[in-house]
There are 2 protein chains.
Amino acid sequence: MSESRQRDTRQRIVIATAELFRRQGYNGTSVKQVTAAAAAPFGSLYHFFPGGKEDLGDAVVRSSGQAYLELFEVIYDAADGPAAAISDFFDGAAEVLVETGYLDACPIGTVALEVASTNDRLRRATADVFDSWIAAAGTRLERAGVDAAAAHELALTLVAAVEGGFMLSRAAQSPEPMRAAGRSMRRLVEDALVLSPRRDRPVRSRAARAREAPQPVREGGDLRRSRQRP
Amino acid sequence: MSESRQRDTRQRIVIATAELFRRQGYNGTSVKQVTAAAAAPFGSLYHFFPGGKEDLGDAVVRSSGQAYLELFEVIYDAADGPAAAISDFFDGAAEVLVETGYLDACPIGTVALEVASTNDRLRRATADVFDSWIAAAGTRLERAGVDAAAAHELALTLVAAVEGGFMLSRAAQSPEPMRAAGRSMRRLVEDALVLSPRRDRPVRSRAARAREAPQPVREGGDLRRSRQRP
DNA sequence: GCTCTACTAGAGCGATCACTCTAGCGAGGG
DNA sequence: CCCTCGCTAGAGTGATCGCTCTAGTAGAGC
């Protein structure tokens, strides 16, 4: 039972810290605030994270990053093709922003900018997280038939647009920037699919292909929706 | 002479603070650090900014935002059409990042995320700045023939992509995310121009049209460059 | 030359920062 | 039954935070 108790408190601290980081960043969050929010004894924080705030920050960035990656994968794989997946993801992010009063945004973004030039360990943690997101998106685009270089470039753009969308939407307290970015990204994805040199992908199982591209080929004519707000 | 002396110190404080904000954000920058960097007496800071750090932050955000707006306008108006302008802007940002060791990024972005949920006055300052950027980009796209709704959506996306590009490039310490975002944005702009319903804009002077769109009409065929890295 | 105002200059304030240290609790193994 | 050890618990550390306050300087206007 001691192991589960350990896990409980440690996990409670990480979750509470993640929420605080999302709202007020790394420098804006004090360790006292963390222990209060997690209902954890102050001493426990330094028991589980002997390196102090930096240890905690590293753990929080990586675990939040992993959770967000899984959220992306779930949404993507449940959607009706890559373009719809991107729409769903951005619209979902916009919805969460509205519902939480623009509090629950990306758990990494604020920290990433804060530490980029001041803390190399945490900077690397955020870079690793971003890389995992970019790889996940890039791999899926490749599976859908986009060639590797284009897929990587598009994946970079998608992640950048998500982060920028969070920034603008939180600042303006409006879901519109996130939604606009989502519509633009959908268009980019659609174009990349149309332009992809071959739609028969090489060494992929039929099942995987069917799962990921239920509407694999569309003609160019109706690809770009005429109205901006579907 | 007293007025110019005043301007000197005040301006020195604002400039030094802007640089510190870019690198370490709002919460990560102390007022002692500011006065040291500006070589300004500590008392002077509270003479010019009676409201303290928040007053200073508001002034810095707005003045940095204005400076960056002007930089965008200069680059845009000097470029060979909207698509080239966007390329130039993103490539320039990437170049500055590399040259400064990923220190000199957006002076607003970090602060915007830090204060979005914790300081409404500063949040509004960052929102105003973003709005001014979006308006500048949107107006120019409209002038180039993109209809109002599409131009606004594209402008939102451009700003989001710039901010996201800064975030990813600083985290990865690589110009590639910013450059990739720039190439994607160029493609979006080119598509928007091709899709724009009318290329004869309504009540615009001939001189303005000539200045902003020296290569106004391009056919769709060669619009999308075949290689990813020009 | 005197005054008045704008600015310089920095010591010092209470609050809060990240963190340390000691003391004790409670469950599992002997 | 008691010992051990993972964990709880929080008072206390020096350092630093944003900020206030008083004293002093320099130049413009009379």
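Labels below follow one simple rule: chain letters A, B, ... track the order of the sequence lines, proteins then strands, and each chain is numbered from 1.
- Separating the NE2 atom of A:His47 from the C1' atom of C:dC21 is a distance of 15 Å, rounded to the nearest angstrom.
- For the pair A:Leu69 and A:Ser132, the minimum side-chain heavy-atom distance is below 4.5 Å.
- With D:dC17, C:dG10, C:dA9 as the choices, the nucleotide that has an atom nearest any side-chain atom of B:Pro41 turns out to be C:dA9.
- The listed nucleotides are D:dT8, D:dG12, C:dT8; the one nearest the side chain of A:Thr9 is D:dT8.
- D:dG6 atom P lies 17 Å from atom CZ of A:Phe49, rounded to whole Å.
- Protein atom CZ of A:Arg10 is 14 Å distant from nucleotide atom C1' of D:dC7, rounded to whole Å.
- Atom OH of B:Tyr26 and atom C1' of D:dC17 are 12 Å apart (whole Å).
- In this entry the distance linking CD of A:Gln33 with P of C:dC17 reads 7 Å, nearest Å.
- The OH-P distance, from B:Tyr46 to D:dC17, rounds to 11 Å in whole Å.
- Side-chain proximity of B:Phe48 to the nucleotides C:dT8, D:dC7, D:dC19 is greatest for C:dT8.
- When heavy atoms are screened at a 4.0 angstrom cut-off, A:Gly43 is found touching base atoms of the nucleic acid.
- Not less than 6.0 angstrom separates the ring centroid of B:Trp133 from the ring centroid of B:Phe72.
- Taking the side chain as every heavy atom from C-beta outward, B:Leu103 and B:Arg22 never approach each other to under 4.5 Å.
- With distances taken from any side-chain atom of B:Phe42 to the nucleotides D:dG18, D:dT20, D:dG10, the minimum falls on D:dT20.
- Between A:Lys53 atom NZ and C:dC19 atom P there is a gap of 8 Å when expressed in whole angstrom units.
- For B:Ser117 and A:Arg170, the side-chain atoms include at least one donor-acceptor pair closer than 3.5 Å.
- B:Thr35 comes within contact range of no nucleotide atom at all, as no heavy-atom separation falls under 4.0 Å.
- Taking atom CG of residue A:Leu45 and atom P of nucleotide C:dC19, one finds them 9 Å apart after rounding to whole Å.
- The cationic atom of A:Lys53 (NZ for Lys, CZ for Arg) lies less than 6.0 Å from the six-membered ring centre of A:Tyr26 and within 45° of the ring axis.
- Of the two residues near DNA chain D, A:Lys32 and A:Ser44, the one whose nearest nucleotide lies more 5' is A:Ser44.
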